[in-house]
**Q** 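Take this structure, written in structure tokens, and hold onto it; I'll ask about it next.
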Amino acid sequence: MKSALLDQKFWRHFAKNHWEKKPLLLRNVKSDLIEMTADEIFDLLVLYADRCRQINDPTGFKFYTDGIKAQEEDVLSVLPEKSDKSLAGYHKRMNTLFSDYCLVCDELLQVNLKKQHLLTDFTDQLYRHVGFPNRFSEMGLYLGNYKKTPFGVHVDSCGVFSFPVAGTKKFRLWNAAYGEKHPELDRTFNYEKNKKHSQLLEVGPGDMTYWPSSEWHIAESDGSFSATWSLGVWVDQPHKDMVSDSVKELLDKKLGSSGTQVMTAFKRLHNKSGEITGLPKSFSNSLKLLQNLSPLELQDILSRNWMKHISLQGFKTMPYEALELSAKSCLHLRNDRSPILWQKSLVTSNNYYASFGGVLIESSSTGLLNLIKDLNAGNSCAIQPYLKGASSKKDLHSLQTLADAGAFNIL
Ligand SMILES: [Fe+2]
């Protein structure tokens, strides 16, 4: 069969006809994301599960049996282990214990820096054509022998791309208009009479499906094993929320301790006729603050929050490896496609901001800025020569913050 290329022509067509409009089923897709083998995925799962066992915290994994979500403390005991040897081996062990189980691992790719680009190659193209998500995208792996999605028919606030890895998967969909008229669909497993109004997408490894955020859906299977990647692109954060969050942040800072008062002192609430003739002092003071906000201050807060937002590259979190920096460390950008973003402050002449992985640092150190520029140019840089004088301790701390967010490798 001819393979479907996810080229510019595809993405243009997708953005125009499918994105948030209607479902898509594509057979035999040519994408590196799909070329990740079941064995590679198994290794990732074990790596992540080992980390969870080490810290005694299964966050990132969810486990359902017969549609019921397992308690956190029980999840650790059902995760894949090296001795399972493969996805099939893991399934063999689980299948003897549970006739209906579903293991969900969110952000699995976050544990493997080497595989992250497979995802970002896909999302970069998507974002270029439909826009950057105001919230984020999340990649999860769903595996098990479960016959239906554990929580029944539902609608999420995200558009979903699915890539089956093993087994056959069926997704049953109802459009938003039908869902609105049939609220009984919500969380149900009994939808026999609604079936004729649904669309069934049957897919196997190599295929890709997409459905818009408004589509009601449930996954079905005959009880044999399947594993599926699912990329959810959240569309529940309107632009106005981003703007108001930024303005709120600016105002919170400006208002300082007066902004935290929970009672308002007043002279008189109203006069005898009920008329209000003035504001309490705290409000007059805050009004002055608002009136004195400069256009540059507003531009500055919007710019740096936009930078902070895009430094996550459209994801909820960025993969990281714990690194302990010292002045003697020699750094290299971890990924030459992921520079540390920076901009000059618009409000003070000697400040700039730098951002990576959703963290933001503010600094006036030219040494630090030069180091960032050199790293972004692809160079390996020893820290010491850049950080001099009184600010060097603070600069090192700033670098550690960026390192914790995953910006560097240490050579
Ligand atoms: Fe869903």
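All of these numbers come straight from a predicted model, not from anything done at the bench.
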**Q** Is there a donor-acceptor contact under 3.5 Å linking the side chains of S303 and Q343?
**A** no
**Q** In a check of side chain to side chain contact (heavy atoms under 4.5 Å, CB included) between V203 and each of T168, T209, T228, which one passes?
**A** T209
**Q** So, N305 versus D245: side-chain donor-acceptor pair below 3.5 Å or not?
**A** no
**Q** Look at the side chain of N134 and the backbone N and O of Q237, then say whether any donor-acceptor pair between them is shorter than 3.5 Å.
**A** yes
**Q** Excluding sequence neighbours, so at least two apart, what forms side-chain contact (heavy atoms from CB on, under 4.5 Å) with L312?
**A** M318
**Q** Looking only at non-hydrogen atoms, find the nearest pair between L402 and S355 and report the distance.
**A** CD2-C, 4.3 Å
**Q** In chain order, what residues pass the salt bridge (charged side-chain N to carboxylate O under 4.0 Å, His left out) check against R337, with sequence neighbours excluded?
**A** D121, D124
**Q** Decide if the gap between the ring center of H13 and the ring center of F10 is smaller than 6.0 angstrom.
**A** no
**Q** In terms of the angle between their ring planes, are F122 and F161 parallel, tilted or perpendicular, with boundaries placed at 30° and 60°?
**A** perpendicular
**Q** Any donor-acceptor pair under 3.5 Å linking the side-chain atoms of Q400 with those of D404?
**A** yes
**Q** Looking at K316 and D106, is there a salt bridge between them, counting it only when a charged N and a carboxylate O are closer than 4.0 Å?
**A** no
**Q** Is any side-chain heavy atom of F225 less than 4.5 Å from a side-chain heavy atom of M94?
**A** no
**Q** Is there a ring pair (Phe, Tyr, Trp, His ring centres under 6.0 Å) between H182 and Y191 once you walk through the steps?
**A** CA-CA 11 Å; H182 295 84; Y191 45 80; over 10 Å; no
**Q** Without hydrogens or angle criteria, can the side chains of E215 and Q199 be said to hold a donor-acceptor pair below 3.5 Å?
**A** no
**Q** If you look at every heavy atom in S345 and V347, which pair is closest and at what distance?
**A** OG-N, 3.1 Å
**Q** Side-chain polar contacts of residues 254-266 - donor-acceptor pairs under 3.5 angstrom, sequence neighbours left out - could you list them?
**A**
from: K254; atom 1: NZ; to: E297; atom 2: OE2; distance (Å): 2.4
from: S258; atom 1: OG; to: L255; atom 2: O; distance (Å): 2.7
from: T260; atom 1: OG1; to: S257; atom 2: O; distance (Å): 2.7

**Q** Dump the intermediate steps for side chain to side chain donor-acceptor pair (under 3.5 Å) on Y64 and D100, then the final yes or no.
**A** CA-CA 8 Å; Y64 299 85; D100 187 298; over 6 Å; no
**Q** Please report the shortest heavy-atom distance between W11 and L6, naming the atom on each side.
**A** NE1-O, 3.5 Å
**Q** Can the positive tip of R334 be found less than 6.0 Å from the middle of the six-membered ring of F408, inside 45° of the ring normal?
**A** no
**Q** For H397, is the NE2 atom crowded, meaning more than 12 foreign heavy atoms sit under 6.0 Å from it?
**A** no
**Q** Let me check something: any side-chain donor-acceptor pairs from residues 356-367 under 3.5 Å, sequence neighbours excluded? List them with distances.
**A**
from: E362; atom 1: OE2; to: N351; atom 2: ND2; distance (Å): 3.4
from: S363; atom 1: OG; to: S365; atom 2: N; distance (Å): 2.9
from: S365; atom 1: OG; to: G367; atom 2: N; distance (Å): 3.4
from: S365; atom 1: OG; to: L368; atom 2: N; distance (Å): 3.0
from: S365; atom 1: OG; to: D395; atom 2: OD2; distance (Å): 2.7

**Q** Can a donor-acceptor pair be found, under 3.5 Å and without considering hydrogens, that links the side chain of H91 to the backbone of L143?
**A** no
**Q** Say whether, by atom type as modelled, one donor and one acceptor occur between the side chain of D236 and the main chain of S157 under 3.5 angstrom.
**A** no
**Q** Working note: H217 + W211, criterion ring pair (Phe, Tyr, Trp, His ring centres under 6.0 Å); need CA distance, chi angles, decisive distance, verdict.
**A** CA-CA 9 Å; H217 57 278; W211 62 79; 4.7 Å; yes
**Q** Return the minimal non-hydrogen interatomic distance between L331 and L375, and the atom names on each side.
**A** O-CD2, 3.4 Å
**Q** Report the residues that fulfil salt bridge (charged side-chain N to carboxylate O under 4.0 Å, His left out) with E20, sequence neighbours left out, ordered by chain and then residue number.
**A** none
**Q** Please determine, by modelled atom types, if D222 and S224 share a side-chain donor-acceptor pair under 3.5 angstrom.
**A** yes
**Q** Run the numbers on N28 and D207 for side chain to side chain donor-acceptor pair (under 3.5 Å), then give the verdict.
**A** CA-CA 5 Å; N28 203 12; D207 301 336; over 6 Å; no
**Q** Hey, what's the ring geometry for Y101 with F98, parallel, tilted or perpendicular (30° and 60° as the breaks)?
**A** tilted
**Q** Would you say the side-chain atoms of Y386 and D374 include a donor-acceptor pair closer than 3.5 Å?
**A** yes
**Q** Regarding Y178 and S198, do their side chains bring together a donor and an acceptor under 3.5 Å, going by distance alone?
**A** no
**Q** Would you be so kind as to tabulate the donor-acceptor pairs closer than 3.5 Å made by side chains of residues 76-84, with sequence neighbours excluded?
**A**
from: S77; atom 1: OG; to: D74; atom 2: O; distance (Å): 2.7
from: D84; atom 1: OD1; to: R93; atom 2: NE; distance (Å): 2.7
from: D84; atom 1: OD2; to: E81; atom 2: N; distance (Å): 2.8
from: D84; atom 1: OD2; to: R93; atom 2: NH2; distance (Å): 2.8

**Q** Evaluate the ring planes of F14 and Y210, with Trp represented by its six-membered ring, and classify them as parallel (under 30°), tilted (30 to 60°) or perpendicular (over 60°).
**A** perpendicular
**Q** Could you give me the CA-CA distance, side-chain angles and deciding distance for S137 and Y127, then say whether side chain to side chain donor-acceptor pair (under 3.5 Å) is met?
**A** CA-CA 10 Å; S137 298; Y127 299 164; 2.7 Å; yes
**Q** In terms of side-chain geometry, is the basic nitrogen of E220 or R172 positioned less than 4.0 Å from the acidic oxygen of its partner?
**A** yes
